[in-house]
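Fair warning: this is a prediction, and the values are worked out from it, not measured in the lab. Sequence lines set the chain letters: A, B, ... in the order given, protein chains first and strands last, and positions in each chain run from 1. All values below were derived from every heavy atom in this structure, side-chain atoms included, with hydrogens, water molecules and symmetry-related copies excluded.
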Amino acid sequence: MKEDLALTVPGDENTPTEKHLAPEFESLLFPPSLSFVASSSSSSSLHEEAETDPREIDPRWRRRRHPNGGQAAGRRRRLRPVQPRLRPRHLLLHQTPLNTFIWNSMIRGLAHGSSPADAVALYNKMLAEGYSPNNYTFPFVLTACANLVDAAATPGLGLAVHGTLLRRGFEDFDPYIQTALVNFYANSGSIDTARHLFDRCRRRDVALWNALIRGYAQSCRFSEAVQVFRRMQDDSDRIRGDEITTLSVVSACAHLGALDLGRWIHSYIGKNQMRLTVNLGTALINMYAKCGEIEAAFSMFDEMPHKDVRTWSVMIGGLAIHGHAREALLLFTEMKTMGVTPDSVTFTGVLSACSHAGLVREGLRILEEMKTIHGVSPTIEHYGCAVDLLGRAGRLEKALELIKGIPMDLDVVLWGNLEMGEMAAKEMLQLDPQNAGALVFLSNAYASVGRWDKVEETRETMKERRIQKPPGSSSVEVGGIVHEFTSGDPSHPEMNQIYAMLDEISRLRSAQEPRHVAGAVSFDMDEEDKEQCLAQHSEKLALAFGLLKTRPGTTVRIIKNLRICEDCHSVMKLASEAFGRTVIVRDRARFHHFRRGSCSCGDYW
DNA sequence: CTAGGGTTAG
């Protein structure tokens, strides 16, 4: 019993462990991989294990888990042996009565782990056992809720936490809780709720702003993310953005293709004497690449003294979307020689480089080497890239063969990438009847060969299944402001001028190619509307607006959410020639640089 | 003794 003193907090000697820790959630505290199984719960058996090497005990445990460090250590010195075979589980169960601090620590540990739901379960247990959560508890458990695999599908857990903290009067208690709340709602797809809470906060520190900015970006509302950043600049609190702010905003610029703003942030970093960290540098490289400035991206990349796997991946992916496949592959090789281990994202970039350039053999070799040499198992995206590569190079048999070899659970999404017409699309629909991509693809395949009856049929199917194609949308940056156009949407205030410009372009066009016929048309319109809808594809509206609003000779940059259609592609070529402009279009898959009537993609995309 | 906000692809 003397020796037990060394292991026990005063007053705790005779307390059975069950009182502190109900058996059903011991498994939460000690997941199998971490758990040290007790050979017996009786203390006598503990002593029988005396042959255990004391070094087995991690000293950090002693320090960490001994609340009365000084006292206990003193007593421990007098007694020997020192906790011979006590393993972490015993330490915790015997020495430490549960209190809010312990609960908090446990919740915190689980919140960032692989199963944040366990953290929430533990929090509920804590309440059920009658322990009071404090101001530390809520950020932990809210972070857990935000980290749930599909936070948007299960917002209930976080809502309940919010309810509890309201009832207990923590709502306006401190900025940590408020930030955690904003972050939770943003992460769960309720960005508007997050905004509402943000607006109600009186003191706003940089983390709170960051949570909101990041939340908008997370919800794909990038221009609002930028707006919030702008408001942060003007706010009377004079909060300076920090590295995290900048990372989020630069990322938003990359998504938006907002080059001017991105450049402004770059100089903001310099002006505020922020250090250009690897992370920031990587974000900027990505931004320049995504805004069409691949040279600027590359020179930044060159100048970075330290690069991590993301830096390399971003640069390789950037080269890929610009169609510079050889350079991307060279960089991939260089990265490996530098001893940087490529990850799954790196391979997405490398494979897409091969795909855009039609490098079939390279691509297949890399897909193979992913597994064999680098030990990265290909995901559906990687297979998708490879199938895409084969499909576009016309190697349909090979593509089918590859698909057949794909592990079963991966193949559902895959068919969308394949230019194999009807067969592939039907196959895809069998796998997933709700797959909008498949139907859109099928219908476009019919449209391209003029089978309008089949297009109609597909359209009916979509109506029946209540599937909608995402609307085409393009944006163009003019004077630092991003203007967004959706297909056929006449709501822009300067629409008359835009239409006039489009008429002008189409006059030029019929002069040049008098017999041009409307070809590929989106499936979801009647045949008589074809001409008009083609004329109103969002990228054409953006082009017209860009030509009107920027100075002659400057570059027009357009970002489109879908792939550019063939008709628009030829209009872009023509406009670049006729107006002496460089037009850069980033579509869903890659960049097209139009100069003097031709495109950098070589019409292969 | 514990706290909130983070960049790549899809």
Practice task
Kindly say whether the aromatic ring centers of A:Phe347 and A:Phe332 come within a distance under 6.0 Å.
Solution key: yes
Exercise for the section: Return the orientation label for the A:Tyr131 and A:Trp103 ring planes: parallel under 30°, perpendicular over 60°, tilted otherwise. Expected result: tilted
Fill in the blank from the handout: The nucleotide from B:dA3, B:dG4, B:dA9 with an atom nearest the side chain of A:Asn286 is B:dA9
Exercise for the section: Identify which nucleotide among B:dG4, B:dT8, B:dT2 has an atom closest to any side-chain atom of A:Pro139, counting heavy atoms from C-beta outward. Expected result: B:dG4
Exercise for the section: Considering just the side-chain nitrogens and oxygens of A:Thr179, establish if one lies under 4.0 Å of OP1 or OP2 belonging to B:dA3. Expected result: no
Practice task
Would you please indicate if the ring centroids of A:Phe184 and A:His162 are separated by under 6.0 Å?
Solution key: no
Exercise for the section: Figure out the CG/P separation between A:Asn147 and B:dG4, and round it to whole Å. Expected result: 10 Å
Exercise for the section: Classify the side chain of A:Asp242 versus the base of B:dG5 as yes if they form a donor-acceptor pair under 3.5 Å and no if they do not. Expected result: yes
Exercise for the section: Mark yes or no for a side-chain to base donor-acceptor pair under 3.5 Å between A:Asp205 and B:dG4, with no hydrogen or angle criteria applied. Expected result: yes
Problem - From B:dG5, B:dA9, B:dC1, nucleotide with atom closest to A:Ile244 side chain - result: B:dG5
Exercise for the section: Mind calculating the distance between CD1 (A:Ile269) and P (B:dG6) to the nearest angstrom? Expected result: 17 Å
Exercise for the section: Quickly work out the A:Asn135 CG to B:dA3 C1' distance and round it to whole Å. Expected result: 8 Å
Completion exercise
The nucleotide from B:dT2, B:dA3, B:dG4 with an atom nearest the side chain of A:Ala180 is B:dG4
Exercise for the section: Pick base, sugar-phosphate or nothing for A:Val309, based on heavy-atom distances below 4.0 Å to the nucleic acid. Expected result: nothing
Practice task
Rounded to the nearest angstrom, tell me the gap between atom CG in A:Leu142 and atom P in B:dG5.
Solution key: 10 Å
Problem - Distance, rounded to the nearest Å, where A:Ile213 contributes CD1 and B:dG5 contributes C1' - result: 10 Å
Practice task
Describe the nucleic acid contact of A:Val345 in one word from base, sugar-phosphate, nothing, applying a heavy-atom distance below 4.0 Å.
Solution key: base
Can I get a per-line list of side-chain donor-acceptor pairs under 3.5 Å for residues 348-355 of chain A, giving both atom names and the distance, sequence neighbours left out?
unit_1   : atom_1 : unit_2   : atom_2 : d
A:Thr348 : OG1    : A:Ser344 : O      : 3.1
A:Thr348 : OG1    : A:His382 : NE2    : 3.3
A:Ser352 : OG     : A:Gly349 : O      : 3.3
A:Ser355 : OG     : A:Asp388 : OD2    : 3.1
A:Ser355 : OG     : A:Arg392 : NH2    : 2.8

Practice task
Check if the side chain of A:Gln178 and the base of B:dG4 share a donor-acceptor pair of N or O atoms closer than 3.5 Å.
Solution key: no
Practice task
Report yes if at least one side-chain N or O of A:Arg108 is closer than 4.0 Å to OP1 or OP2 of B:dT2; otherwise report no.
Solution key: no
Fill in the blank from the handout: Rounded to whole Å, the CD1-C1' distance (A:Ile177 to B:dG5) equals 16 Å
Problem - Stacked pair A:Tyr176-B:dG4, distance under 5.5 Å, angle under 30° - result: no
Practice task
Describe the nucleic acid contact of A:Thr143 in one word from base, sugar-phosphate, nothing, applying a heavy-atom distance below 4.0 Å.
Solution key: sugar-phosphate
Fill in the blank from the handout: side chain to side chain donor-acceptor pair (under 3.5 Å) pairs touching residues 280-291 of chain A, sequence neighbours excluded, are A:His266-A:Tyr288, A:Thr282-A:Thr311, A:Asn286-A:Lys290
Fill in the blank from the handout: Taken to the nearest whole Å, CG/A:Leu212 to P/B:dG6 is 12 Å
Exercise for the section: Could you check whether A:Asn279 gets within reach of a base, just the sugar-phosphate, or nothing at all, counting any heavy atom under 4.0 Å? Expected result: base
Exercise for the section: Measure from CZ on A:Phe301 to P on B:dT8 and round the result to the nearest Å. Expected result: 17 Å
Exercise for the section: Give the nucleotide from the list B:dT8, B:dG10, B:dG5 with an atom nearest to the side chain of A:Ser313. Expected result: B:dT8
Problem - Ring centres under 6.0 angstrom apart (A:Phe229, A:Trp209) - result: no
Practice task
Tell me which nucleotide among B:dG4, B:dG6, B:dC1 gets nearest to the side chain of A:Arg214.
Solution key: B:dG6
